[in-house]
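Lettering of chains follows the sequences in order, A, B, ..., and the numbering in each one begins at 1.
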Protein chains: 2
Amino acid sequence: MAQQPPRTTEYAMVKINEVAAAAGVSISTVSYALSGKRPVSTETRKRIEKAVRDLGYSPNAGARMLAGSRTHIFALTEPLRRDSHAPTHMSFVLATAVAARRNDYDILLLTEEQASAGMARVASSGLVDAILVLDVAPDDERVALARSIETPTIFVGVPDDHEGLVCVDLDFEAAAALAVDRVVDAGHRSIGLVGQPQVAYEKSNFPPRVRRAFERRAAERGIQFDFRVSGDRMSSIEVTRQAARSLVDNGATALLVHAADDVHNAVIAEVVELGLSVPRDVSLVSVAASFDTSVLPIPVDVIPLLPEPSCDLAVDLAVRSLTPERPTPGLHLIPPVYYDRKSVAAPPGAR
Amino acid sequence: MAQQPPRTTEYAMVKINEVAAAAGVSISTVSYALSGKRPVSTETRKRIEKAVRDLGYSPNAGARMLAGSRTHIFALTEPLRRDSHAPTHMSFVLATAVAARRNDYDILLLTEEQASAGMARVASSGLVDAILVLDVAPDDERVALARSIETPTIFVGVPDDHEGLVCVDLDFEAAAALAVDRVVDAGHRSIGLVGQPQVAYEKSNFPPRVRRAFERRAAERGIQFDFRVSGDRMSSIEVTRQAARSLVDNGATALLVHAADDVHNAVIAEVVELGLSVPRDVSLVSVAASFDTSVLPIPVDVIPLLPEPSCDLAVDLAVRSLTPERPTPGLHLIPPVYYDRKSVAAPPGAR
DNA sequence: TTGAAAGCGATACCAC
DNA sequence: GTGGTATCGCTTTCAA
């Protein structure tokens, strides 16, 4: 006699009516037991849960969308441009996906050349409940589209024209001011900022915000300040090293760095080559870094740009935008946090 | 009198019956006109297309899934581990997304801790039509799951146990043979292979494939050949440098490298330190690199492992797996392509 | 606390 | 070449 093969898998997709039959209740009770939108007696709930487990039931996504007008999917639009910093992007995508799953949402990835097309498509087909916008540019084309669709849209990053939009971001201005305060409080009277590569100040939006906040706060504190762009990854690191050197040569005793990890390495290398030591001769603070500054050749104080807080908040806002109390349009800023790695001390002259 | 605001957007989602009414045809005709699954006279098709445009119609995703049993979504499972090489991963994700869109498919991103859970979920809820598996490990947990679900699954990469699976990968054997041929054709009579770290030859399956193909082809061409493992990322690069040195000391005039970028750097550093120049004294070829070998200190000829061909083919197989002629399980190999970066020349003795 | 049944908006079969 | 309509599997109102 041939033996039955083990039924490890259901080959026909099990439906809600089979669950209902197995549990001896009606279809609607099963639905309510699973969604929790109506009280169900503990006893019947248990029977239903058992039936669900036994049969390996999982509600059909299409049917759920159609009947419930909730897709349980968020779109994530991200240009994934070649020139952008891949590890940073990946951690944002990852953090978003994790936060979404925590809220029982899946992530649909939109990476089209013309991002608006994808957004328009998923919005008008009702494929997603909300749209999360990453890697926001100052003049982002997705802003106009966000205004024209009814699908709730959350920006992680702040475009220049953000009137009426829901935006999440690190409070870059506060971060820059905090960094300035720390070194000024330590006694420094002349500080420099090594910023992003030149192109970032045209194509991205937070670099100028950091720069302006840095300059404003330094002026408020009545100290000397100066700014240099860094070199980009593909070019030689010489641009960055010259930037660091000229800041130090001009008297800066503390350097703030707002750039990728390789720029930090270059700055440290230059400081070392100048025969200076951190923090005795030069203090260092990293602003809005999205990598771990404690694994640099010299650990560096940092006000990090962590993906998790931003993405968690963005997902939270997306979820809330589907409820009666929709989040208020405007900037939802994450307060900066300072991590001490002992790379700031009083300047040489102060001792 | 208050002026009507311009109707730039439809605020109520337009449905197929409205399109039908506007075009003066039945619902089914609209559906067929859009899907092309039944001939429709040119004239009525035009009227329908106009109505679609005018009303900005886009079929409801949920309804389409439910009625059509096609979701037009592929899942993409990718661990997105912190330790893996972000830029490489991102280019694979991007290439997959682009290929999918070309086929009118969207990508749902699965990045859960335990990848199988996500796969099981989307499979059993019918959320996706197929699953694409990236960043495949030799003993990948997703292999077992792929076998247990009915959703077609395509692996980009080859796990050790790939019996019955559909896998896409570079043709490593052909790549190794091609590399050997190029240097032998250039006149070299003694060549070396700097391979992966030792552990890769135990835990992975393509490194031995490359090594064997290298040795087989070299033997066929009747030349001297030798092999060394490289050092792994965490250990010192000394292992790699010694490997390169001993190959050269033993008479190799050409080195093939099948390893990560840091190993390439170490090999180049050693060659330079030996006072040799590329390609005058030593020729170099990189096999199956997934990074850009033209940005190494010395540009190196390469037979790359490119994301696009693999991802295009994977998507193509996914699409075909939904048609009557499903792709055959097994390895679907991408033919190797040689990129000349001028790191191969005739050996010193030949001149 | 539970059940019956009316949709949700497409697809695709059966008729004409 | 075109139209009517059963159907997909769930959510949610209405009734009990």
Side-chain angles (χ1 to χ4, degrees), chain A residues 10 12-49 51-52 55-73 104 121-127 129 322, chain B residues 10 12-49 51-52 55-73 104 121-127 129 322:
Chain A
E10 299 301 324
M13 216 147 270
V14 24
K15 302 181 294 186
I16 196 171
N17 60 336
E18 309 178 39
V19 175
V25 295
S26 74
I27 287 180
S28 51
T29 301
V30 174
S31 178
Y32 284 119
L34 294 179
S35 71
K37 293 191 181 172
R38 193 167 85 171
V40 171
S41 75
T42 320
E43 199 193 348
T44 56
R45 152 168 294 119
K46 279 216 191 94
R47 288 215 310 288
I48 291 171
E49 280 165 357
V52 165
L55 291 101
Y57 169 73
S58 168
N60 179 278
R64 210 152 72 131
M65 290 187 198
L66 183 53
S69 66
R70 279 282 174 278
T71 68
H72 293 267
I73 301 176
D104 201 37
R121 187 168 47 78
V122 297
S124 69
S125 67
L127 217 195
D129 291 340
L322 302 171
Chain B
E10 298 301 323
M13 216 149 268
V14 26
K15 302 180 295 186
I16 196 170
N17 59 339
E18 310 178 39
V19 176
V25 296
S26 74
I27 287 180
S28 50
T29 300
V30 174
S31 178
Y32 284 120
L34 294 179
S35 72
K37 293 190 180 172
R38 190 167 85 172
V40 170
S41 77
T42 320
E43 198 193 348
T44 57
R45 151 166 295 117
K46 279 214 191 97
R47 286 215 311 287
I48 291 172
E49 281 165 357
V52 166
L55 289 87
Y57 169 73
S58 168
N60 178 279
R64 215 153 69 129
M65 290 187 197
L66 184 54
S69 66
R70 279 281 174 280
T71 69
H72 294 268
I73 300 176
D104 202 36
R121 188 167 47 78
V122 297
S124 69
S125 67
L127 218 195
D129 290 340
L322 302 170

hbond_proxy [X] side chain to [N] base (donor-acceptor, 3.5 Å cutoff):
X: A/R38; N: D/dT12; result: no
X: A/T29; N: C/dG3; result: no
X: B/S35; N: C/dA12; result: no

Starting at [atom1] of [X] and ending at [atom2] of [N], how long is that distance when rounded to a whole Å?
X: A/N17; N: C/dA4; atom1: CG; atom2: C1'; value: 14 Å
X: A/R64; N: D/dT12; atom1: CZ; atom2: P; value: 11 Å
X: B/I27; N: C/dC14; atom1: CD1; atom2: P; value: 19 Å
X: A/L127; N: C/dG9; atom1: CG; atom2: P; value: 15 Å
X: A/M65; N: D/dT11; atom1: CE; atom2: C1'; value: 14 Å
X: A/I48; N: C/dG3; atom1: CD1; atom2: C1'; value: 12 Å
X: A/L66; N: C/dG9; atom1: CG; atom2: C1'; value: 5 Å
X: B/R70; N: D/dT7; atom1: CZ; atom2: P; value: 21 Å

Minimal non-hydrogen separation, [X] against [Y], with atom names:
X: B/V14; Y: B/L55; result: CG1-O, 3.1 Å
X: B/L322; Y: B/R70; result: O-NH2, 3.1 Å
X: A/V52; Y: A/V19; result: CG2-CG1, 3.8 Å
X: A/M13; Y: B/A123; result: CE-O, 3.5 Å
X: A/S28; Y: A/R38; result: OG-NH2, 4.5 Å

I want to check one thing: is the phosphate of [N], taken as OP1 and OP2, less than 4.0 Å away from some side-chain N or O of [X]?
X: B/K15; N: C/dA10; answer: no
X: A/K37; N: D/dT12; answer: yes
X: A/S28; N: C/dA5; answer: no

[X] side chain, from C-beta outward: closest of [options]:
X: B/A67; options: D/dC10, C/dG3, D/dC8; result: D/dC8
X: B/N60; options: C/dA5, D/dT11, C/dG9; result: C/dG9
X: A/S31; options: C/dC13, D/dT12, C/dT11; result: D/dT12
X: B/S41; options: D/dG9, D/dT5, D/dT2; result: D/dT2
X: A/A63; options: D/dG9, C/dT11, C/dA4; result: D/dG9

- Of A/Y32 and B/G68, whose closest DNA chain D nucleotide lies nearer the 5' terminus?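 Residue closer to the 5' terminus by nearest nucleotide: B/G68.
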